[in-house]
Protein chains: 2
Amino acid sequence: MIELSHLRIISALHENGTLTEAANALCLSQSALSHQIRYLEKKLELKLWQREGRGLRLTQAGNLLLQVAQQVLPMMDHAGSTLKAYAAGRQGILRIGVECYPCYEWLTGVIADFLLAMPEVDIDIAHQFQFSGLEGLLNHQFDVLVTPDIISNKTLVYAPLFDYELVLLASKEHLFAGLEMITPEMLATEVLLTFPVPAERLDIFTQFLFPASIAPAQHKQIQSIDIMMQMVVYNRGVCVLPDWLADNYCSKLPVSKVRLGRKGVHKTLFAGMHCYDAEIPYIKRFVRLGQGLD
Amino acid sequence: MIELSHLRIISALHENGTLTEAANALCLSQSALSHQIRYLEKKLELKLWQREGRGLRLTQAGNLLLQVAQQVLPMMDHAGSTLKAYAAGRQGILRIGVECYPCYEWLTGVIADFLLAMPEVDIDIAHQFQFSGLEGLLNHQFDVLVTPDIISNKTLVYAPLFDYELVLLASKEHLFAGLEMITPEMLATEVLLTFPVPAERLDIFTQFLFPASIAPAQHKQIQSIDIMMQMVVYNRGVCVLPDWLADNYCSKLPVSKVRLGRKGVHKTLFAGMHCYDAEIPYIKRFVRLGQGLD
DNA sequence: AATCATACATGAGGATAATTCATTAATTTC
DNA sequence: GAAATTAATGAATTATCCTCATGTATGATT
């Protein structure tokens, strides 16, 4: 019944004083406005304006409509410009899910770059999921899943972010310290510290120990990486971390890193996303930043 | 750009789940909605929703628009129903201007009836004007002017409300008490109490004393009618009031009323209004109530 | 797998509504 | 009283929206 065009006319008429000027402001003919207000008054069975000499004056009802116009039109304008910003990919919320500690640790570095590069896009990180990270992605709990595991799905695409190597960290006191590499067998007598995640989701098991059918002497699950590192320092066990994270600790604490097997265990971190999201500017940008480009 | 129809579609889609049902709810074909959406997405260069199997899911941008819809649509609905009430003459504000004390006193009685008769119309009374009451009416500071003076103007109409007689009030001790009438000459030795208004606007002068070229011995202006009455009671002067108001005091205080001249001074109270307002239901009703009808 | 049902997308054509143009009417200004 | 300004009106045009018929994709059923 009442349309935005009517509100625009009322508002323009109020600001410009005369129908003719209001018509100019709206890039329409005076006739068009005259027809429109006539139509509206007829529909509402209500005088909105009173002819006053050769001008128009709002009635009570017209004033009420003017007030509505002054509330609604700015809201619509604001929405319009916000959506324009969306279209340009400048504004939005990039919701990222991370599944593993290394992913999270790595993310914190990339996010800073991203926030700098895209000042109008906010970031939200989810690291605890109702179900799995994959399901979170499929349910649109977040837009991008950072994960080392590709589970193929025709609606999803994965972009490789970067490669890293998993290495063992042991105390400098430990007899592993200084070795070129260790074999799975050498872990059979060790205490292995990991995050509290099932062994099937830990690469040290799936990529290294399980293939050799070997289990560590003991498997202790630790929540915090800092406590885990303290335990490594005091020789209460060994742990496995991405090389770049291990390097970080090696320079600060008396711990050494050792390659897992002759060739080492190599991983790749991927950004998983819905295929229709892959072309959204800020998501593309995030992936490129994650790949070390830009 | 973004029209109410788009907001209605987004809102209906959110409430009904599928395009087809939303189309039913809006009494449109599914095709119409599909076209509208397509048009909007093309204009905004932005996906508002994503096909998900055989359903639709709102994107971030779509969600933003949904929020706007949920704010704006209720406002429009409310405005629409308020205007409908206006059209039925049920709702509004009747702004009344009064120029003289008797008018104001009389109004208070009528207003109670009006508020009872028209529960959805509010009343606002203005009794102090920037300029004259007439100008206030012409400037639309109020809708109806209650006045005893008709000043003709082609844009205004006047409806007679009721007739009254101006009478003199004097203390029961006063020698006027009990007289049939007084002549202008008899006031030449009296103290006349009036409201603080120029003599030209007081009927006792214009209708009674000026024609006889007589002035009272003294003219004292008093703000409050209660104090004025006290002064009359203690014989410090006489005053002139409408008969119905005088009767009111005669029954409570030791004062008497006396006719002014042989035939008395008769007045009529009028409701002045813009001619195009005269047909507004609640204004008509006010006039009829003022005339003692209904 | 093949079939059926459901839901959205699309193109063409027709109905509807909005806009303009040309003109008239009313009012103010000089 | 003439000129200028402003709104109203009617007819013709234009743009827009809607429906119908049909196509395409997906999911359920057998």
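Within every chain, numbering begins at 1; the chains are lettered A, B, ... in the order of the sequence lines, protein sequences first and strands thereafter.
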Asks: Can you name the residues that form a side chain to side chain contact (heavy atoms under 4.5 Å, CB included) with B/Gln36, not counting sequence neighbours?
Replies: B/Ser5, B/His6, B/Ile9
Asks: B/Leu19 has an atom CG; how far is it from atom C1' of D/dA25, in whole Å?
Replies: 14 Å
Asks: Charged N to carboxylate O below 4.0 Å: is that the case for B/Asp163 and B/Lys267?
Replies: no
Asks: With side chain to side chain contact (heavy atoms under 4.5 Å, CB included) as the criterion, how do A/Tyr282 and A/Ile280 come out once you've worked through the C-alpha distance, each side chain's angles and the decisive distance to 0.1 Å?
Replies: CA-CA 6 Å; A/Tyr282 60 76; A/Ile280 292 176; 3.7 Å; yes
Asks: Answer with base, sugar-phosphate or nothing: what part of the nucleic acid does B/Thr20 contact at a heavy-atom distance below 4.0 Å?
Replies: sugar-phosphate
Asks: Kindly give the atom pairs (protein nitrogen or oxygen, nucleotide nitrogen or oxygen) under 3.5 Å for nucleotides 27-29 of chain D.
Replies:
none

Asks: Please examine the side chains of B/Leu4 and B/Val72, heavy atoms only from C-beta on, and report whether any two atoms are closer than 4.5 Å.
Replies: yes
Asks: With sequence neighbours excluded, tell me which residues meet side chain to side chain contact (heavy atoms under 4.5 Å, CB included) with A/Asp122.
Replies: A/Ile93
Asks: Between the axis at one end of the helix from C/dA1-D/dT30 to C/dC30-D/dG1 and the axis at the other (five pairs apiece), what's the angle to 10 degrees?
Replies: 30°
Asks: Can you spot which of B/Leu134, B/Ile150, B/Leu145, B/Ile151 makes a side-chain contact (heavy atoms from CB on, under 4.5 Å) with B/Leu156?
Replies: B/Leu134
Asks: How long is the line joining OH of A/Tyr39 and P of D/dA8, in whole Å?
Replies: 18 Å
Asks: Can you name the residues that form a salt bridge (charged side-chain N to carboxylate O under 4.0 Å, His left out) with B/Glu120, not counting sequence neighbours?
Replies: B/Arg90
Asks: I'd like to know if B/Asp124 pairs up with B/Arg95 as an ion pair, taking the criterion as any Lys NZ or Arg NE/NH1/NH2 lying under 4.0 Å from an Asp or Glu carboxylate oxygen.
Replies: no
Asks: Taking side chain to side chain contact (heavy atoms under 4.5 Å, CB included) as the definition, give me every residue that meets it alongside A/Leu65, ordered by chain and number, with sequence neighbours left out.
Replies: A/Ile2, A/Leu7, A/Ile10, A/Leu40, A/Leu48, B/Leu83
Asks: Are side-chain heavy atoms of B/Ile283 and B/Met273 found at a separation under 4.5 Å?
Replies: yes
Asks: Only counting residues at least two apart or in another chain, list the ones meeting salt bridge (charged side-chain N to carboxylate O under 4.0 Å, His left out) with B/Arg201.
Replies: none
Asks: What's the CD1-C1' distance between A/Ile37 and D/dA8, to the nearest Å?
Replies: 9 Å
Asks: Side chain to side chain contact (heavy atoms under 4.5 Å, CB included) for B/Tyr104 and B/Glu99? Distances and angles first, verdict last.
Replies: CA-CA 8 Å; B/Tyr104 183 81; B/Glu99 260 187 326; over 6 Å; no
Asks: Extract from the structure each pairing of a protein N or O with an N or O of nucleotides 10-14 of chain D at less than 3.5 Å, listing the distance.
Replies:
| residue | atom | partner | partner atom | Å |
| --- | --- | --- | --- | --- |
| D/dG10 | O6 | A/Ser31 | OG | 3.3 |
| D/dG10 | O6 | A/His35 | NE2 | 3.1 |

Asks: Mind calculating the distance between CG (A/Leu48) and P (D/dA7) to the nearest angstrom?
Replies: 16 Å
Asks: Whether A/Ser34 contacts D/dA8 is assessed here as follows: a side-chain N or O lying under 4.0 Å from the phosphate OP1 or OP2. Is that the case?
Replies: yes
Asks: When we call it a touch if two heavy atoms are under 4.0 Å apart, what does B/Leu28 touch: a base, just sugar-phosphate, or nothing?
Replies: sugar-phosphate
Asks: For DNA chain C, which residues of residues 1-17 of chain B approach it to below 4.0 angstrom with any heavy atom?
Replies: none
Asks: Can you tell me the distance, in whole Å, between the CG atom of B/Leu40 and the P atom of D/dC17?
Replies: 11 Å
Asks: What integer distance in Å separates B/Leu26:CG from D/dC17:P?
Replies: 15 Å
Asks: Grab the two heavy atoms, one from A/Gly272 and one from A/Tyr158, that are nearest each other, plus how far apart they are.
Replies: CA-CD2, 3.5 Å
Asks: So which pairs with a foot in residues 60-101 of chain A pass ring pair (Phe, Tyr, Trp, His ring centres under 6.0 Å), sequence neighbours left out?
Replies: A/Tyr101-A/Phe195
Asks: Report the distance from atom CH2 of A/Trp49 to atom C1' of D/dA8, rounded to the nearest whole Å.
Replies: 14 Å
Asks: Does CD belonging to B/Gln70 count more than 12 external heavy atoms closer than 6.0 Å?
Replies: yes
Asks: Look at B/Gln36 and D/dC18 and indicate whether a side-chain polar atom (N or O) is within less than 4.0 Å of OP1 or OP2.
Replies: yes
Asks: With a strict under 4.0 Å distance from non-hydrogen atoms of chain A, what nucleotide opens and what nucleotide closes the contacted stretch of DNA chain C, reading 5' to 3'?
Replies: C/dA18 to C/dT28
Asks: What residues, two or more places apart in sequence or in another chain, satisfy side chain to side chain contact (heavy atoms under 4.5 Å, CB included) together with B/Leu19?
Replies: B/Leu13, B/Gln30, B/Leu33, B/Ser34, B/Ile37, B/Leu56
Asks: Under the criterion side chain to side chain contact (heavy atoms under 4.5 Å, CB included), I'd like the reasoning laid out for A/Trp106 against A/Tyr164: C-alpha separation, chi angles, the key distance, then a yes or no.
Replies: CA-CA 11 Å; A/Trp106 171 83; A/Tyr164 61 94; over 6 Å; no
Asks: Under 4.0 Å between any heavy atoms, over every strand shown, what does A/Thr18 touch: base, sugar-phosphate, or nothing? Just pick one.
Replies: sugar-phosphate
